[in-house]
Amino acid sequence: MLLARHQTEFAAPDYDLAATLDSGQAFRWIRVGESWESVISGRWVTLRQEGETLHAGSNRSPGDWEWLRAYLRCNEDLGPIVDSFPADEAFVRALDACRGLRLLRQEPWECLASFICSSSKQIVQIRQIVSAMCARYGSVVGPADAVIHHSFPAPEVLAATSESELRECKMGYRAPYVLGSARMVAAGEIKLSGLGGLSCEEARKELMRLPGVGRKVADCVLLFAFGFQEAFPIDVWIDRGLRELYFPRRKPTRQRLANFTKSYFGPYAGYAQQYLFHYVRAIRTRENQ
DNA sequence: ATCCAGGACCACT
DNA sequence: AGTGGTCATGGA
């Protein structure tokens, strides 16, 4: 907070900042003491929670801070969302385990490029890849002595790199995917800014035209960047969790699982997904200790 | 050392 | 439409 020349605070009832920023939906938040640092849409920011108040700081003129409120979605009422969920025993446990965990509204390109890098990677490694990309291709936007101080490189910047350069960021076989997607976005073949006006299905179909973007990555971007709350990304954790909790004997295909979650969890299925994700991973962590 | 990670893609059935 | 192999890297 000492580095932040501009500061503000706002109410955030029923909000668990640490759980939210560390939940695997965003990969650029670093804990610094009691605060969290990152860069949102090119603006360096530091956050700290005290009870139901969020203290925010930035190093340049933050305007009305609306960009930060929109990102954190702290005025979203969790009540109707939680009430809409099924009350089966397993899911109630999942809910109880992570009250206050929120969905963010991230910048689409950063979210998209990050999740292209996420395939078959642990979250800690995704963070390393994204961090390397930003350090190499981003520009300095925060205090030089801050832990995080690079912007996320624009599609035009990444489009001008090469596959071998990108591989130096340790993204392996995902490098041509990042490069190809950056080029399509930079060339305007895909207009990310227009996806929010489409239906979830239409927007998903558009995203899946990009190399390295399948159903799961597309759903992550729809949920974490575009606010399609019915999107339900099914990764290896969710897949295992759903099978153990709801299909202990059968072995439904991914498509059948997707159909089930849509009808079972309803219009806010994406929130349910995030709670399940947190829950099954918390269980696994405990079992390994 | 071996397994596996917030998968996508291609070649086969 | 559904399965199996392959891809690169490094935590656990």
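First the proteins, then the strands, lettered A, B, ... as listed; each starts at 1. Since the structure is predicted, the reported quantities are computational estimates derived from the model, not experimental observations.
- Between A/Phe260 and A/Phe247, the gap from one ring centroid to the other is short of 6.0 Å.
- At a threshold of 4.5 Å between non-hydrogen side-chain atoms, the residues A/Val45 and A/Asn59 do not count as touching.
- Scanning residues 246-258 of chain A for heavy-atom distances under 4.0 Å to DNA chain B yields an empty list.
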task: Determine, step by step, whether A/Phe91 and A/Phe85 satisfy the ring pair (Phe, Tyr, Trp, His ring centres under 6.0 Å) criterion, reporting the C-alpha distance in whole Å, the side-chain angles of both residues, the deciding distance to 0.1 Å, and the verdict.
output: CA-CA 9 Å; A/Phe91 190 73; A/Phe85 290 146; 5.2 Å; yes

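- A heavy-atom distance below 4.0 Å to DNA chain B is reached by these residues of residues 222-232 of chain A, ordered by number: A/Phe224.
- Only A/Lys121, A/Gln122, A/Gln125, listed by number, bring a heavy atom of residues 92-126 of chain A to less than 4.0 angstrom from any atom of DNA chain C.
- Using a 4.0 Å heavy-atom distance criterion, A/Gly24 is classed as a base contact.
- As a whole-Å value, the separation of A/Asp235 CG from B/dA5 P is 9 Å.
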- prompt: Would A/Arg204 and A/Asp219 satisfy salt bridge (Lys or Arg N to Asp or Glu O under 4.0 Å), going step by step from the backbone distance to the final call?
  reply: CA-CA 7 Å; A/Arg204 179 186 297 122; A/Asp219 280 345; 2.8 Å; yes

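- A side chain to side chain donor-acceptor pair (under 3.5 Å) with A/Tyr271 is found for exactly one of A/Arg102, A/Glu76, A/Gln229, namely A/Glu76.
- Looking at A/Glu201 and A/Lys262, a side-chain N of the basic residue comes within less than 4.0 Å of a carboxylate O on the acidic one, giving a salt bridge.
- Within 4.0 Å (heavy atoms only), A/Ile234 reaches no atom of the nucleic acid at all.
- In this structure, A/Arg127 reaches neither bases nor backbone, as no heavy-atom distance under 4.0 Å exists between it and the strands shown.
- Residue-to-nucleotide proximity on DNA chain B shows that, of A/Ala218 and A/Arg240, the 5′-proximal contact is made by A/Arg240.
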- prompt: Could you walk me through whether A/Trp44 and A/Glu37 pass the side chain to side chain contact (heavy atoms under 4.5 Å, CB included) check?
  reply: CA-CA 8 Å; A/Trp44 180 83; A/Glu37 284 183 21; 3.7 Å; yes

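- Here B/dA8 presents its P atom at 10 Å from CZ of A/Arg215, a figure rounded to the nearest Å.
- Within a 6.0 Å radius of CD in A/Glu165, more than 12 heavy atoms belonging to other residues, nucleotides or ligands are found.
- Evaluated for a side-chain contact (heavy atoms from CB on, under 4.5 Å) with A/Tyr177, the options A/Ile116, A/Leu166, A/Val213 yield exactly one hit, A/Ile116.
- Of all the residues in residues 153-184 of chain A, A/Arg167, A/Lys170, A/Gly172, A/Tyr173, A/Arg174 reach under 4.0 Å from DNA chain C with at least one non-hydrogen atom.
- The CD1 atom of A/Ile129 sits 12 Å away from the C1' atom of C/dG11 (whole-angstrom rounding).
- Atom P of nucleotide C/dA12 and atom CH2 of A/Trp237 are separated by 12 Å, given to the nearest angstrom.
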With a cut-off of 3.5 Å and sequence neighbours excluded, list every side-chain donor-acceptor pair involving residues 62-69 of chain A.
| residue | atom | partner | partner atom | Å |
| --- | --- | --- | --- | --- |
| A/Asp64 | OD1 | A/Glu66 | N | 2.9 |
| A/Trp67 | NE1 | A/Pro62 | O | 2.8 |

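- The pair A/Asp239-A/Arg254 counts as a salt bridge, with a side-chain nitrogen and a carboxylate oxygen less than 4.0 angstrom apart.
- Of the charged side-chain nitrogens involved, at least one lies within less than 4.0 Å of a carboxylate oxygen, so that A/Asp22 and A/Arg127 count as a salt-bridged pair.
- To the nearest angstrom, C1' of B/dG7 lies 13 Å from CZ of A/Phe277.
- If you find the closest nucleotide of DNA chain B to A/Gly212 and to A/Lys216, the one lying nearer the 5' end belongs to A/Lys216.
- Taking the ring pair (Phe, Tyr, Trp, His ring centres under 6.0 Å) definition, one finds that A/Tyr279 meets it with nothing, sequence neighbours left out.
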task: Step by step, work out the salt bridge (Lys or Arg N to Asp or Glu O under 4.0 Å) result for A/Glu202 and A/Lys205.
output: CA-CA 5 Å; A/Glu202 291 171 329; A/Lys205 192 185 298 181; over 6 Å; no

